[in-house]
Amino acid sequence: DAGITQSPRHKVTETGTPVTLRCHQTENHRYMYWYRQDPGHGLRLIHYSYGVKDTDKGEVSDGYSVSRSKTEDFLLTLESATSSQTSVYFCAISKGLAGESDTQYFGPGTRLTVL
Amino acid sequence: AQKITQTQPGMFVQEKEAVTLDCTYDTSDPSYGLFWYKQPSSGEMIFLIYQGSYDQQNATEGRYSLNFQKARKSANLVISASQLGDSAMYFCAMRGGSSASKIIFGSGTRLSIRP
């Protein structure tokens, strides 16, 4: 199994508060991703990173920011959490192979509830 | 635009029977990859199998095989001799060659194995 951890695993917060989720990998993979999972939507990409300090937006990036200061860590920040951001958040990593064969491996997920 | 469709929200199958989970896709990329993931009730996302668009043979991994019909744009997952532990959500996903960093997911199929 890929060495990916997420912290915290569960969090309850209030609307308007900032929240930071952490993803840590021990695989030295180049790419890291943040997804959210909601019923009926599968997984949707929020942001991804293709190297230290190199990030880009996914399909549902509004209200989220990310940072990657080290290869092994990828942080997702909700600047001012809203109830619509209640979800399960998954981090994923991949080697960054050229072409379409690059497989993503997922962390255990973080369940976030915004009251 | 790329799209993944899983038309079976839920399925029930008797233990030891084979089961086919449907997945159709749409892409204009000549080169793409197709993935299947399993999500048990514990929540983690487990990579099962990968099929490249130029692969001549259907992918197989143990009891999992991918029935790839390129002309019909389908990539169905076949699980042989189902086991109780196969009960889970299953997601089909696709990566296009022109957007090598991004995977899109279908909405999933919930498979329940009856003893």
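All values below were derived from every heavy atom in this structure, side-chain atoms included, with hydrogens, water molecules and symmetry-related copies excluded. Labels below follow one simple rule: chain letters A, B, ... track the order of the sequence lines, proteins then strands, and each chain is numbered from 1.
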Quiz item: Going by an N to O cut-off under 4.0 Å, is there a salt bridge joining A/R44 and A/D38?
Solution: yes
Quiz item: In terms of heavy-atom proximity below 4.5 Å to chain A, should B/Q39 be classed as side chain, backbone, both, or neither?
Solution: side chain
Self-check item: Which atoms of A/Q37 approach chain B - backbone, side chain, both or neither, heavy atom under 4.5 Å
Solution: side chain
Quiz item: Is it true that B/F35 and B/Y50 have ring centroids separated by less than 6.0 Å?
Solution: yes
Exercise. State whether A/R68 and A/D73 are salt-bridged, where the test is any N-O pair (Lys NZ or Arg NE/NH1/NH2 against Asp/Glu carboxylate O) under 4.0 Å.
Key: no
Self-check item: Heavy-atom proximity to chain B below 4.5 Å, by part of A/Y50
Solution: neither
Quiz prompt | chain A interface, residue from B/E44, B/M45, B/M94, B/M89 that has the most non-hydrogen pairs under 4.5 Å | solution = B/M45
Self-check item: Side chain B/E61, main chain B/L66, donor-acceptor under 3.5 Å
Solution: no
